[in-house]
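The next block holds one structure in the form of C-alpha cells; read it before the comments.
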Amino acid sequence: VQLQASGGGLVQVGDSLRLSCAASASGRAFSRYTVGWFRQAPGKEREFVATIRYNNNIVSADSVKGRFTISRDNAKNTVYLQMSSLKPEDTAVYYCAASSTIIQSSIPYHRFYDYWGQGTLVTVSS
C-alpha cells in the first residue's frame, strides 16, 4: 500500500488543522489496515500520536488526548487526524503509517508498521 500524507502548514497557537493520509491499496482492502500517525520534531525521535485499527478501535498518546481525533473513511481510502488547540510543542513532521498485521500491544511502536507516507510539516507559531 502507498500512503500520501497532506494537510500540514503554519498555524498559530490554539488553531486547528486536519491532516489526511490517502492510501492506494492493492490486494488487501484498505479497510483491513491499521493506520497510525507519528511525528518527529527536529533532533527528537519519532513519536506515536494516534492509531485507528481496522475495527475502528483507537489508541492515542496521552499528549494529544482531548485535542487530536483520528478517523477513517474507507470509501475514500483515507485516514484523518483532526488537530485542535495546537501548541508549539506539536510542531513536527507528521507521518502516517499502516500495517495489516500489527497487534494491539505494538501499536505505539513505529518499527511494527510496514508502510509509511512521506510526511507533512506542521509548524505551530506562538
Side-chain angles (χ1 to χ4, degrees):
V1 61
Q2 294 181 321
L3 304 174
Q4 179 79 30
S6 63
L10 173 63
V11 296
Q12 302 294 315
V13 170
D15 281 353
S16 298
L17 200 61
R18 189 178 78 163
L19 305 183
S20 298
C21 177
S24 57
S26 59
R28 185 182 293 266
F30 174 71
S31 62
R32 300 302 299 170
Y33 283 88
T34 290
V35 181
W37 287 95
F38 289 79
R39 65 187 181 185
Q40 190 165 17
K44 294 188 176 181
E45 293 190 357
R46 195 162 296 192
E47 175 188 28
F48 170 71
V49 177
T51 284
I52 185 165
R53 300 206 68 188
Y54 64 92
N55 58 3
N56 289 320
N57 177 256
I58 290 172
V59 180
S60 300
D62 288 343
S63 59
V64 305
K65 283 181 179 177
R67 300 190 299 122
F68 292 10
T69 301
I70 190 170
S71 62
R72 68 191 301 160
D73 184 339
N74 290 330
K76 296 183 178 179
N77 282 8
T78 301
V79 168
Y80 303 99
L81 185 68
Q82 179 67 49
M83 306 185 293
S84 60
S85 302
L86 283 162
K87 305 175 182 180
E89 52 264 43
D90 295 319
T91 295
V93 176
Y94 283 71
Y95 299 90
C96 59
S99 171
S100 62
T101 59
I102 195 168
I103 61 176
Q104 185 76 14
S105 59
S106 298
I107 282 175
Y109 305 104
H110 60 81
R111 66 182 182 274
F112 291 105
Y113 291 77
D114 304 306
Y115 307 98
W116 288 84
Q118 85 289 0
T120 185
L121 176 62
V122 173
T123 303
V124 184
S125 173
S126 56

Give me the atom names and distance for the closest heavy-atom approach of [X] to [Y].
| X | Y | result |
| --- | --- | --- |
| Val1 | Ala23 | CG2-CB, 3.8 Å |
| Ser16 | Ser85 | OG-N, 4.4 Å |
| Thr91 | Val124 | OG1-N, 2.9 Å |
| Thr51 | Tyr113 | OG1-OH, 2.9 Å |
| Ala98 | Val35 | CB-CG2, 4.2 Å |
| Ser125 | Leu10 | CB-CD1, 4.0 Å |

Which value, rounded to the nearest 0.5 Å, describes the distance between [X] atom [atom1] and [Y] atom [atom2]?
| X | Y | atom1 | atom2 | value |
| --- | --- | --- | --- | --- |
| Phe30 | Asp73 | CZ | CG | 9.0 Å |
| Arg18 | Ser20 | CZ | OG | 5.0 Å |
| Leu17 | Gln12 | CG | CD | 12.0 Å |
| Ile103 | Phe112 | CD1 | CZ | 7.0 Å |
| Ser71 | Ile58 | OG | CD1 | 7.5 Å |

Contacts of Asn74 that satisfy side-chain hydrogen bond (donor to acceptor under 3.5 Å, both in side chains) - sequence neighbours left out: Arg72

Would you kindly confirm whether [X] and [Y] end up in one hydrophobic cluster when ILVMFWY residues are joined by side chain heavy atoms under 4.5 Å apart?
| X | Y | value |
| --- | --- | --- |
| Phe68 | Val79 | yes |
| Phe48 | Ile70 | no |
| Val64 | Ile52 | yes |
| Tyr94 | Val11 | yes |
| Leu3 | Trp37 | yes |

Validation row: Val59, Gln104 side chains within 4.5 angstrom (heavy atoms): yes

Beyond-backbone contact of Arg67 with Asp90, side-chain heavy atoms, under 4.5 angstrom: yes

Residues that Ser63 engages under side chain to side chain contact (heavy atoms under 4.5 Å, CB included), provided they are two or more places apart: Arg39, Glu47, Ala61

Side chain to side chain contact (heavy atoms under 4.5 Å, CB included) partners of Asn55, counting only residues at least two apart: Arg53, Asn57

Tyr95 ring center within less than 6.0 Å of Phe38 ring center: no

Ring-face cation of Arg46 near Trp116 (centre distance under 6.0 Å, axis angle within 45°): yes

Under 3.5 Å side-chain donor-acceptor pair for Tyr115 and Ser100: no

Over 12 non-hydrogen atoms of neighbours within 6.0 angstrom of CD in Gln118: yes

CD/Glu89: more than 12 non-hydrogen atoms of other groups inside 6.0 Å: yes

Pair Asp62 + Lys65, salt bridge at N-O below 4.0 Å: yes

Residue pair Val122, Leu19: steps toward the side chain to side chain contact (heavy atoms under 4.5 Å, CB included) verdict: CA-CA 9 Å; Val122 173; Leu19 305 183; 4.0 Å; yes

Expected output: side-chain Thr120 to main-chain Ser6 donor-acceptor under 3.5 Å: no

